[in-house]
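As the structure is a computational prediction, the values presented were derived from the model and not from experiment.
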Amino acid sequence: MDAVLFDMDGTLLDNEPLSDIFLIKFCSEIGFELTENILDKFKGSDGRTF
């Protein structure tokens with residue numbers, strides 16, 4: 001193997017929309033209403049802040 005490529009920040013693939021769908025669905029299943037507006041307030045922050 002000559003190289004390994006990691007895409008940690010959405011450079012090659014923007015997985016944030018899929019992650020948002022998962023989070024909204026998961027929160028709904030546990031009884032918490034998470035909306036895209038709420039998620040937008042936390043975009044770019046770290047996990048601890050979220």
Pair listing, salt bridge (charged side-chain N to carboxylate O under 4.0 Å, His left out) test, anchored in residues 41-50, at least two apart: D20-K43, D40-K43
C27 side, atom SG; L39 side, atom CG - distance, nearest 0.5 Å: 8.0 Å
Distance, nearest 0.5 Å, that separates CD1 of I38 from CG of L23: 11.5 Å
Side chain to side chain donor-acceptor pair (under 3.5 Å) partners of residues 28-39, not counting sequence neighbours, each pair once: none
By side chain to side chain contact (heavy atoms under 4.5 Å, CB included) - contacts of F26 (at least two apart): F22, I30
Same apolar cluster (I L V M F W Y, side chains within < 4.5 Å links), F32/I24: yes
L34 reachable from I21 in the ILVMFWY side-chain graph, under 4.5 Å edges: no
